[in-house]
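The model shown is predicted, which means the values in this text are computed figures rather than measured ones. All heavy atoms count here, side chains included; hydrogens, waters and symmetry mates do not.
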Amino acid sequence: MIRGGYMRKNGWMAGAAIVAVLAGVSGTLAAQVPAPGAPPALTGAGAPAADPVPVEAFAMLPALDSPKLSPEGTHIAAKVAIKGKQYLVIRSLFTNDPPVALVAAGDDDINWWRWVSDQWLAVGLGGTQTLYGDDYYITRTLGVSADMKTKRTIGQYEAGLRADDVVWTARDGSPRVLLSMQTGIEQTDQFYPSVFEADLSTGRMKRIVAGQRDVYDWYADAGGIVRAGYRMSDETGSRALLYRANADDRFHIVAQRRKSDAASFAAPLIFRADGSAVTIADDDGRDAVYAQTLPDLALGAKLFGIDGYDVDGVIAGEKGDDLAGVSVTDRTSHTVWLDATMREVQDALDKSVAPRRASIISWNRDRTRLLVSVGSPSQPGALYYYGLADGKMQRLAWQNDALKGRTLSPVSTIHYTARDGTKIEAVLTLPRGRPAKGLPLIVMPHGGPFARDSEEWDWWTQYLAESGYAVIQPNYRGSSGYGTAFAKLGEGQWGLKMQDDLDDAAQQMVKDGTADPKRMCMIGASYGGYAAMRAAQRGALYRCAVSFAGVSDLQAMRKYDGQFLFGKTRGEWLRKQAPDFKSVSPRFGAASFAMPILLVHGKADKRVPVAQSRLMADALKAAGKPYEYLEQPLADHHFSRTEDRLEFLKRMKAFLDRYNPA
């Protein structure tokens, strides 16, 4: 059984040493997270950028990443960029108390954080540990006091691999959470997570639900009663939902499906006070929000849906027992508030900042104090504090201190038809100040591939546009957000029809006169990096390709993914997307590469191992094909360091200047 403290690559650490309060940087923190001043004017869309913007501005990390407001609304917790690195910082909104910061030890990650009370936060940590010859990603939950002076590793001596799934937090001001975690890895009953009630201030735990075979996800109601569990067998592919009405009942199966059964069932997401539930289901082919009866899981009235798109998620009300809002992405990502007060606030904010966009991203316990992000796809914008009592907006920080409120290249949504008649949506960014005729073009497929692009600020895309390129981001078949049928169109089409969709986007830009057919390049990351490799392999439509953290060998990727939870299921899913791994793995087609390619990969990437790009570089070298390879020693999958962003942008620009100049 796993014992001891938190895991790291180089061994164990005692729980008290996992994090440390930064010493001697309070001045720097105060400068980076300024105390609120006078409310700024919110009229106007921001000044257009007149002069060329240097590359260093685009490489900057966001000033405040994933900010969270405390329950009383007096403090903010966020990752703050300090000298090119991110630290979890807490500071007061209404006093001049110096901010305090939290740092993970060594290569460990701070993955998430949430306020549980005004004095305590739960923080999710992760790190890689070698066990029995294989690398595993280990997670832990930390209780952290708001002054950062006290840290408690929850389940320090009991946890297995996965111990960061907080399924409920108290709403009564106490520092209590329900934590779903494994209790070991060597015995079967330890591997299936149990649910514990944990006090973050003391670290004390009490098991309230014992682990059950193949149940990895538990669901609790607003009162902290675990009501449901989702069972999925990695061996057989069967699924089931376990349910109980109250804490005194035993769990029993209320729905189950075999692997061969294409029908699904929807798990309850919000347990309502009237005994029903709220769920998301694709009953009409697109994910929509429904009322649901319990325990039979029958769908009732559709509470919310959006034409042409799936919904992303639901937001519970203040008490946690009803629906307050729905997260959606159509052309943009935003929240549709069903709660009357929040809808009124959102409408007022939208009017006050138009044509920019206002997103309410965090709120206090009674939703009278809000954090609001204001920006646009052409502007990184700023984070504001908004108090309903006085109706004033107060800027906390520009998200990019170099750009502030400057407006850069315009972004829009377009549609085109692929060669087989499939309708595709894409995001188009045009370089500011240039006629949209005969431009050099970058085709930039998103990662995932079960993901999608929408109109939003993107530092990478905006840098390319600033450099003179038109950038098109196709939401090719298999992308998320467009319904079940569109997602299924991607099955078996990795590097094939999905690749055709990308090429067809480029051809549409040529047909429209926007793009110069002799100056086109494909650039992407993760799956997008894979697609860039395939573009270089398949033909001469493009002049060059750039892959960041791309996958070159699907069989090797399947083996790597097999070490994680549901490894067999992931492998079967990947086989469904690409039935013949070798034929669509760029590594094995190096001899047919028809253009130069730049490969970039972070050595610290935990999602796509650096070996994927190393294998590709070795194959290209053996085949005598032109390529460049840049390995960044400290870079991860998400560009979380300014230094890595800047190095990448400069290297990419030099490569483009050589092979596809603007």
Contact check, side chains of [X] and [Y], non-hydrogen atoms, under 4.5 Å:
X: V326; Y: I315; value: no
X: T335; Y: V328; value: no
X: V345; Y: L370; value: yes
X: L178; Y: V166; value: no
X: P380; Y: W398; value: no
X: L200; Y: V116; value: yes
X: T332; Y: S454; value: no
X: F486; Y: S479; value: yes

| message | Between K606 and D109, does any side-chain N to carboxylate O distance fall below 4.0 Å? | response | yes
| said: Closer than 4.0 angstrom, basic N to acidic O: yes or no for E425 and R331? | reply: no
| Applying ring-ring contact (aromatic ring centres under 6.0 Å, His included), which residue pairs with at least one partner in residues 272-331 are found, sequence neighbours left out? | Y309-Y482
Say you draw a straight line from [atom1] of [X] to [atom2] of [Y]; how long is it, rounded to the nearest 0.5 Å?
X: Q292; Y: T279; atom1: CD; atom2: OG1; result: 4.5 Å
X: T139; Y: N111; atom1: OG1; atom2: CG; result: 8.0 Å
X: L69; Y: I76; atom1: CG; atom2: CD1; result: 7.0 Å
X: I110; Y: L88; atom1: CD1; atom2: CG; result: 5.0 Å
X: S480; Y: N475; atom1: OG; atom2: CG; result: 8.0 Å
X: L430; Y: S412; atom1: CG; atom2: OG; result: 6.0 Å

Would you say the side-chain atoms of [X] pair up with the backbone N or O of [Y], donor to acceptor, closer than 3.5 Å?
X: S359; Y: I361; result: no
X: S92; Y: H75; result: no
X: R227; Y: R244; result: yes
X: S409; Y: R432; result: yes
X: S526; Y: G528; result: no
X: S352; Y: L349; result: yes
X: S362; Y: K68; result: no
X: K351; Y: A348; result: no
X: Q399; Y: A63; result: yes
X: E466; Y: P431; result: no

In chain order, what residues pass the ring-ring contact (aromatic ring centres under 6.0 Å, His included) check against [X], with sequence neighbours excluded?
X: F271; answer: none
X: Y219; answer: none
X: W363; answer: W337
X: W168; answer: none

| Once the angle between the rings of W457 and F58 is folded into 0 to 90°, is it parallel (under 30°), tilted (30 to 60°) or perpendicular (over 60°)? | parallel
| Where does the angle between the aromatic ring planes of H446 and Y476 fall among parallel (under 30°), tilted (30 to 60°) and perpendicular (over 60°)? | parallel
Pairs satisfying salt bridge (Lys or Arg N to Asp or Glu O under 4.0 Å), at least one member in [range], at least two apart:
range: residues 163-175; result: R162-D165, D172-R176
range: residues 273-296; result: D284-K302
range: residues 340-350; result: none
range: residues 113-122; result: D118-R365

Can you name the closest pair of heavy atoms from [X] and [Y] and give their distance?
X: L241; Y: A228; answer: CD1-CB, 4.5 Å
X: A277; Y: L294; answer: CB-CD1, 3.8 Å
X: L649; Y: A59; answer: CD1-N, 4.1 Å
X: M498; Y: G490; answer: SD-O, 3.6 Å
X: A146; Y: L121; answer: CA-CD1, 4.2 Å
X: T429; Y: Q462; answer: CG2-NE2, 4.0 Å

| request: List the steps and the verdict of side-chain contact (heavy atoms from CB on, under 4.5 Å) for Q86 and V80. | output: CA-CA 5 Å; Q86 289 186 315; V80 174; over 6 Å; no
Ignoring hydrogens and angles, write down the donor-acceptor pairs under 3.5 Å from the side chains of residues 316-324, residues two or more places apart or on other chains.
{"from": "D322", "atom 1": "OD1", "to": "R272", "atom 2": "NE", "distance (Å)": "3.1"}
{"from": "D322", "atom 1": "OD1", "to": "R272", "atom 2": "NH2", "distance (Å)": "3.4"}

| Working for side chain to side chain donor-acceptor pair (under 3.5 Å), residues Y386 and R369 | CA-CA 6 Å; Y386 178 57; R369 296 174 173 177; over 6 Å; no
| query | So Q379 and R356, side-chain contact (heavy atoms from CB on, under 4.5 Å) or not? Walk me through it. | reply | CA-CA 9 Å; Q379 180 193 105; R356 292 168 295 168; 3.4 Å; yes
| said: The test is ring pair (Phe, Tyr, Trp, His ring centres under 6.0 Å); show your working for Y230 and W218 and say whether it passes. | reply: CA-CA 6 Å; Y230 182 74; W218 293 102; over 10 Å; no
Is it true that the side chains of [X] and [Y] contain a donor and an acceptor less than 3.5 Å apart?
X: T413; Y: E455; answer: yes
X: D605; Y: H637; answer: yes
X: T329; Y: D312; answer: yes

| said: Would you say the rings of F639 and F548 are close, in the sense that their centroids are separated by under 6.0 Å? | reply: yes
| task | Mind checking side chain to side chain contact (heavy atoms under 4.5 Å, CB included) for A402 and listing every partner two or more places apart, or none if nothing turns up? | result | A57, M60, N400
| note | By side chain to side chain donor-acceptor pair (under 3.5 Å), R645 pairs with (sequence neighbours left out) none
